[in-house]
Peer 1: 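Below is the structure I would like to discuss, written out as structure tokens.
Counting starts at 1 for both ligands and their atoms, following the listed order.
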Amino acid sequence: MHLFFRKLPLTLKLLIIGIVPILFLIYFSALIYKEKSKTVQLIGDYIERVDQSANVGELISELGRERRLSYQYAIKKTGHKEVEVHRLLTDSIITVIKNGHDLALANFTRYTFLDHLSQIRAIIDTSSNYPPDNIVQFYTDVIVRLNTLNATIPSNTFLKDDYQDLVSQKILSEMITYLEIMRTNIFNALYMGEYSLTALTGPQNVYYKLYKSYETEFLMKASPNSISVYNNEKKLTEYGPTMEYIDKLFGGSKFDTTYDSNEWWTISTRGVIELRKQQRALWKSVDIRIKEMSTREKNSKNLTLIFLTVSILFVIGFVTYFINDITKLLRELKLAARKISKGGTDLQLKNMPAGVIGNLAKSIKQIDKNNLLLAEAASQIGKGNFDQEVKPRSEEDLLGISIRKMQNDLREFTSQKDKIQKETEDLVYKRDEFFSVASHELRTPVTSIKAYTQLLLMDAEGSGDVQRQKMLNRMNVQVNKLTVLISDLLDISKLQNGQLAYHKEPFILEELVNEIVEEIQPTSPETQLLLKSSIHAIVNADRDRIGQVLSNLLVNATKYAHTSKEIIVELQKKGDKVICSVHDFGNGILPDEYDKIFERFYRISGDNLNTFPGLGLGLFISKEIIEKHDGKIWLQSEKGKGTIFYFELPMA
Ligand code: ADP
């Protein structure tokens, strides 16, 4: 399980963290909302209950009236119209109660004798000898039974404040019922002229006792305000004389005939009206308060819904923002780490928060900083600055350790290299020293040999000995070559010691070129040397040295391009410069060699090396000479087609 969670992507984890509380919030919100809805429903039920109780009270009162009218009709057979009108009123209230939603009153007509109402009414209308007392009894039974349906509501927290008034109005309702029964019975007795107490006491006395017990209950349970209203009614309204008369009748020993039936009905009607007024007022105030409470609860329910929706949205918004922010930070870190992994540096990790992510960002920045330091150190080492301090971050820092090792190795290698270089320089110095000494030593004997060869040659020419002449000529050519070699070697050692002196003087370059061409032509009879253009250009230069350069280029052309039928020498003016070119049609030179052939002792490896002896010094010396005259030397070549060497000199 632990491993499973560990492997989940971070965003998913964050989502779970965010979604779980949101789900809880939604769940609890739904619970709270349901609870609120229940309360609203409950209060709605209470209102229905209270309303239906009022309807029941109304029905009781109308049945009481119907009872009296029916009784009167049964005796006198007059006033049927009034009875009929009243029946309609009673029926309409029954319909209202039937249509209500209070479960406590479902099918109430079946157990309150009301199912027999139409039967009784038919009997009243048709039968002439049906006992009127039975009619009274039927209506009384219905009323007593109905009264039990004016149930009170359980005293729970919602109705605490109104409970007392609710109970009081219920007790008053009971009292009204019994008062109605009693006053009807009294009316009947007065009406029939049955002025005996037995008609009222005996079973009738039960109603009086019940009435009194209800009155006691009312005085115990009602609020002080209700009690004072009740007492005032007794004192100031017709309710007082009504009750006085009833008390006298049921408590006395002889029938009181103060009132006739009509007077009694008038007085007691007002008394009942007063009592009902109080009952209605109480019921109304409770009704208003419960309805207010219902409105409050409905509003609070709606407010709860709004509040919960807003908080859920807020939490969702906050969680989304939070997840987004973390993901963004992590993405930045990921990119930074990726940049480092690719070898990049200089990370832009700005506005990182404190805590785990902040520490991670700091570590990544530290890696970046260390990498930069190491890179800087490596770069310095690369430049040969071996004193640069390299500090590996720990024993595990392979990179740091490797750079330090590289630093040590390079230091070692460089010192070795310096040593070798020094040795090489020593060797080169010794070689040059040897050439210098050797060339000096060789020059004198070779000069003598050359002089004697010339003498011998002149002698042979005089004697006409062709064979000897031929041999001496060959000897002369070889001695000349030797002289050139020795003079090159001498030039090198002079160049080296800065002793090569230049005697500059103005001369016509074309004349020099002519002279050299004529000098070289006899040594290479198979190749035609051609001076193509003739321009008058005067240069201020060392005539011999420039001649040496030209002769070197021509000799090279005859040697290394021996397949070439002709060699073309050309002079050209270009601004204040004169350019001399030597064009052969030999094998040509590869571009890689262009620069190398001007280095000293460099010769292109190949067949030529063995066929044509040489030291690889001619072009090196030529370059030195031309550059000392503020000129330049270069070449252009194409393999298999030939080469053109150029040198350029400023004109005088
Ligand atoms: P050396 O002639 O003594 O070898 P140089 O310095 O005069 O020395 O020439 C260097 C090399 O350049 C020669 O060995 C030759 O290989 C190459 N070289 C010079 N001139 C030519 C040319 N015209 N054609 C082809 N190769 C040439």
Peer 1: Counting only heavy atoms, tell me which of T643, I604, D584 gets closest to atom 23 (N) of ligand 1.
Peer 2: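 Comparing heavy atoms across T643, I604, D584, the nearest one to atom 23 (N) of ligand 1 lies in D584.
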Peer 1: To the nearest 0.5 Å, tell me how far I381 CD1 sits from D387 CG.
Peer 2: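 Atom-to-atom, I381:CD1 and D387:CG are 10.5 Å apart.
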Peer 1: Considering the options Y594, F598, Y646, which one meets the ring-ring contact (aromatic ring centres under 6.0 Å, His included) requirement together with W634?
Peer 2: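 For W634, the ring-ring contact (aromatic ring centres under 6.0 Å, His included) check succeeds only for Y646.
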Peer 1: I want to confirm something. Looking only at heavy atoms, which of S637, S622, G616 is nearest to atom 3 (O) of ligand 1?
Peer 2: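 Result: the heavy atom closest to atom 3 (O) of ligand 1 is in G616.
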Peer 1: Are any of the N/O atoms on A561, whether in the backbone or the side chain, positioned under 3.5 angstrom from an N/O atom of ligand 1?
Peer 2: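 No: no nitrogen or oxygen of A561 is under 3.5 Å from one in ligand 1.
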Peer 1: Say whether Y602, considering both its backbone and side-chain N or O atoms, lies within less than 3.5 Å of an N or O atom on ligand 1.
Peer 2: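 No, Y602 has no N/O under 3.5 Å of an N/O on ligand 1.
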Peer 1: What heavy-atom pair brings F507 and D542 nearest, and what distance separates the two atoms?
Peer 2: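 Minimum heavy-atom separation between F507 and D542: CE2-C, 4.4 Å.
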Peer 1: Does L619 reach ligand 1 with a nitrogen or oxygen that is under 3.5 Å from one of the ligand's nitrogen or oxygen atoms?
Peer 2: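 Among all N and O atoms of L619, at least one is under 3.5 Å from an N or O of ligand 1.
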Peer 1: Need the ligand 1 atom indices (1-based, order shown) with element for anything under 4.0 Å from a heavy-atom of L615.
Peer 2: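 Listed by number with element: 3 (O).
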Peer 1: Return the CZ to CG distance between F318 and D325, rounded to the nearest 0.5 Å.
Peer 2: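 Rounded to the nearest 0.5 Å, the CZ-CG separation comes to 9.5 Å.
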Peer 1: Any non-hydrogen atom of E593 lying under 4.0 Å from ligand 1?
Peer 2: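 No heavy atom of E593 comes that close to ligand 1.
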Peer 1: Kindly compute the distance separating NE2 (H629) from CZ (F647), expressed to the nearest 0.5 Å.
Peer 2: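 Rounded to the nearest 0.5 Å, the NE2-CZ separation comes to 10.5 Å.
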Peer 1: Which of the numbered atoms in ligand 1 are below 4.0 angstrom from a heavy atom of L617?
Peer 2: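 Those atoms are 6 (O), 8 (O).
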Peer 1: Can you sort out which atoms of ligand 1 are near G614, meaning under 4.0 Å from one of its heavy atoms?
Peer 2: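 Under 4.0 Å from G614, ligand 1 has these atoms: 3 (O).
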Peer 1: What atoms of ligand 1 come within less than 4.0 Å of a heavy atom belonging to I597?
Peer 2: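 In order of numbering, the contacting atoms are 12 (O).
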Peer 1: To the nearest 0.5 Å, what is the distance between NE2 (H536) and CD (E510)?
Peer 2: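 Reported to 0.5 Å precision, the distance equals 8.5 Å.
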Peer 1: Who passes side-chain contact (heavy atoms from CB on, under 4.5 Å) against K334, sequence neighbours left out?
Peer 2: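 R338.
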Peer 1: Is G586 near ligand 1, meaning one of its heavy atoms is under 4.0 Å from it?
Peer 2: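 No; G586 lies far enough from ligand 1 that no heavy-atom distance drops under 4.0 Å.
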Peer 1: If we ignore angles and hydrogens, is there a donor and acceptor under 3.5 Å between the side chains of R545 and Q548?
Peer 2: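 Yes.
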